[in-house]
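Since the structure comes first, as structure tokens, the remarks are kept for the end.
Just so you know, these numbers use all the heavy atoms, side chains as well, and skip hydrogens, waters and symmetry mates. In what follows, every chain begins at residue 1, and chains take the letters A, B, ... in the order their sequences are listed.
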Number of protein chains: 2
Amino acid sequence: MPEREKLTERRIAEEALGLIDEDGIDGLSMRKLGQRLGTTSMSIYTYFTDKEAVLAGVAQLILSEVDAPSDEGLDWREVVRRIMWSYREVCHRHINAAPLAIKYPPTTPDALAFVEAGFRALRRAGFDDQSIARSYRALAAYSFGTLAIEMNGYYATASAAAAPGARRETLHAATLDKHLPTVAEIRPSLAEQHDAEEFEYGLELILTGFADITAAGGS
Amino acid sequence: MPEREKLTERRIAEEALGLIDEDGIDGLSMRKLGQRLGTTSMSIYTYFTDKEAVLAGVAQLILSEVDAPSDEGLDWREVVRRIMWSYREVCHRHINAAPLAIKYPPTTPDALAFVEAGFRALRRAGFDDQSIARSYRALAAYSFGTLAIEMNGYYATASAAAAPGARRETLHAATLDKHLPTVAEIRPSLAEQHDAEEFEYGLELILTGFADITAAGGS
DNA sequence: AGGGCCGGATGTACACTGTACGGGCATCGG
DNA sequence: CCGATGCCCGTACAGTGTACATCCGGCCCT
């Protein structure tokens with residue numbers, strides 16, 4: 001009831017993000033969102049065509065939180081590093097909403113700010129258009145994948161007793177892992193990985209690869 | 001009606017996959033699945049605790065389709081290449097179900113077969129446990145991210161008129177892209193990328209990085 | 001000032017979802 | 001022959017997204 005502020009596309013997305021932060025992405029229903037805004041679910045449809053559109057709006061919101069460093073006097077590598085780490089930080093802070101940042105590309109100016117910053121840095125470093133596009137794609141792929149792994153505790157569930165929901169065929173760790181000896185051997189090393197370290201490892205690996213591009217002379 | 005075959009965890013997962021292939025992941029409902037199996041929705045709960053468990057089962061199913069090359073006489077790079085390309089091919093063939101392959105790690109022996117093959121190849125090439133875990137993670141991250149990008153036509157929607165579902169604030173391409181000049185410049189290059197080529201580019205980049213690990217002597 | 005209008009907000013209704021619960025069934029061990 | 005034990009299914013319930021019709025409040029035009 002206190003929420004009698006005027007309804008706004010922005011405000012709706014913010015409140016939706018709050019709800020997702022608390023209850024997860026499936027916990028967001030139009031009715032709950034309407035209630036949280038002090039109205040009903042149908043009011044939202046004045047500003048968004050769909051529930052999907054609301055989700056896309058939430059994605060824009062969190063993407064706009066990513067740092068967009070001005071590249072004055074910064075090595076292009078450093079600019080990319082800052083963007084990537086900031087992206088990761090933002091998605092971890094809104095971990096429940098992270099799938100949205102993966103699914104919906106940045107489209108609004110605010111959400112595109114960090115992309116612009118990255119592109120500009122690469123351009124100043126002498127990358128041609130195609131190399132920039134390529135690098136963007138590789139970096140996006142890497143961060144998406146990293147998030148996907150870090151989210152559901154990928155390796156945690158992987159190490160758990162297999163086939164969690166299946167009622168039959170629970171494979172006994174001891175006996176059946178002898179059909180997959182190497183998997184059994186490596187599992188512990190997977191479990192004890194540190195997310196941040198591994199993220200850095202892969203990121204630097206990619207940056208090194210890019211450096212070779214520029215060394216080879218761009219196009 | 002013709003479907004009076006005995007109900008089975010496997011058969012349920014297969015039929016669910018078929019339904020997802022046709023109608024997408026949201027098009028799968030327990031009722032439709034039951035009907036397709038010749039029974040009702042509730043019968044499924046004898047074999048799976050949840051709808052989620054069914055989805056995890058579908059994931060195992062498609063993961064088990066990935067090639068698991070025997071590494072006899074193959075360079076480890078070639079083994080990894082085959083696995084990665086096969087993984088990509090399988091996920092593209094079941095493009096609607098691909099998010100499941102990302103969300104649920106392989107747990108059943110069949111689904112783990114390709115992981116075992118990859119691990120074995122790396123081990124024979126002299127990678128220690130930690131390096132194998134690292135490489136697995138990096139490769140998984142890359143393929144997940146690649147899929148995420150290739151799935152929803154990431155760059156296609158990115159290039160489309162912005163904020164598709166929002167009723168207000170459609171940003172006019174010409175005028176507002178002057179606030180994001182570099183983005184505007186690069187967009188065409190993004191649009192004309194070829195998925196397979198870019199996948200190969202990134203994959204080879206990663207493999208080269210791994211080679212440096214082994215050259216440096218493993219640990 | 002009065003009347004028309006129109007866009008934002010909402011109430012109701014419908015088709016559909018996942019699944020808890022309780023009963024029916026056939027098969028098998030005693 | 002009698003239980004009993006899995007498999008199967010029918011019903012019921014709470015909750016979902018949203019189409020559609022309605023309402024209300026402020027603006028413009030005459």
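When the C1' atom of D/dC8 is taken as reference, atom CE of B/M30 falls 14 Å away, rounded to whole Å. Taking atom CD1 on A/I44 and atom C1' on D/dT16, their separation rounds to 13 Å, with Å as the unit. Atom CG in B/D26 sits about 21 Å away from atom P in C/dA15, given to the nearest Å. Taking atom CD of A/E9 as the reference point, atom P of C/dG8 lies 12 Å away to the nearest angstrom. Atom CD1 of B/I12 is separated from atom P of D/dC7 by 11 Å (rounded to the nearest Å). Put simply, CG on B/L7 is 16 Å from C1' on C/dA26, counting in whole angstrom units. Rounded to an integer number of Å, the gap from A/D50 CG to D/dT18 C1' is 9 Å. Between the P atom of D/dT18 and the CG atom of A/L33 lies a distance of 12 Å, rounded to the nearest Å.
Proximity of B/V80 to B/I206: side-chain heavy atoms (C-beta onward) are nowhere separated by under 4.5 Å.
Judged by distance alone, with hydrogens and angles left aside, the side-chain atoms of A/K32 form a donor-acceptor pair with the main-chain N or O of A/G27 at under 3.5 Å. A/Q193 places a side-chain N or O within 3.5 Å of a backbone atom of B/A133 that can act as its donor or acceptor partner. A donor-acceptor pair is defined here as one N or O able to donate and one able to accept, closer than 3.5 Å; such a pair exists between the side chain of A/Y47 and the backbone of A/L7.
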Watson-Crick and G-U pairing of DNA chain D written in dot-bracket, each distance under 3.5 angstrom, with | for inter-strand partners: ||||||.|||||||||||||||||||||||
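Each of A/R31 and A/M42 was assigned the nucleotide of DNA chain D with the nearest heavy atom; the assignment lying further toward the 5' end belongs to A/R31.
Rounded to the nearest 0.5 angstrom, B/D110 CG and B/Q60 CD are separated by 9.5 Å. If you take CE on B/M151 and CD1 on B/I95, they are separated by 6.5 Å, rounding to the nearest 0.5 Å.
Of the candidate nucleotides D/dT18, C/dT17, C/dG8, C/dG8 has the atom nearest to the side chain of A/K6. For A/K51, taking side-chain heavy atoms from C-beta onward, the closest of the listed nucleotides C/dT19, D/dG17, D/dC8 is D/dG17.
Proximity of the aromatic rings of A/F127 and A/F119 is defined here by a centroid distance below 6.0 angstrom, and this criterion is not met.
Regarding contacts with the backbone of C/dA9, a side-chain N or O of A/Y47 is found under 4.0 angstrom from either OP1 or OP2. Taking side-chain N and O atoms only, A/T39 has no distance below 4.0 Å to OP1 or OP2 of C/dA9. Side-chain nitrogen and oxygen atoms of B/K32 include none within less than 4.0 Å of the OP1 or OP2 phosphate oxygen of C/dC16.
Note on A/S43: a base of the nucleic acid sits closer than 4.0 angstrom, heavy atoms only.
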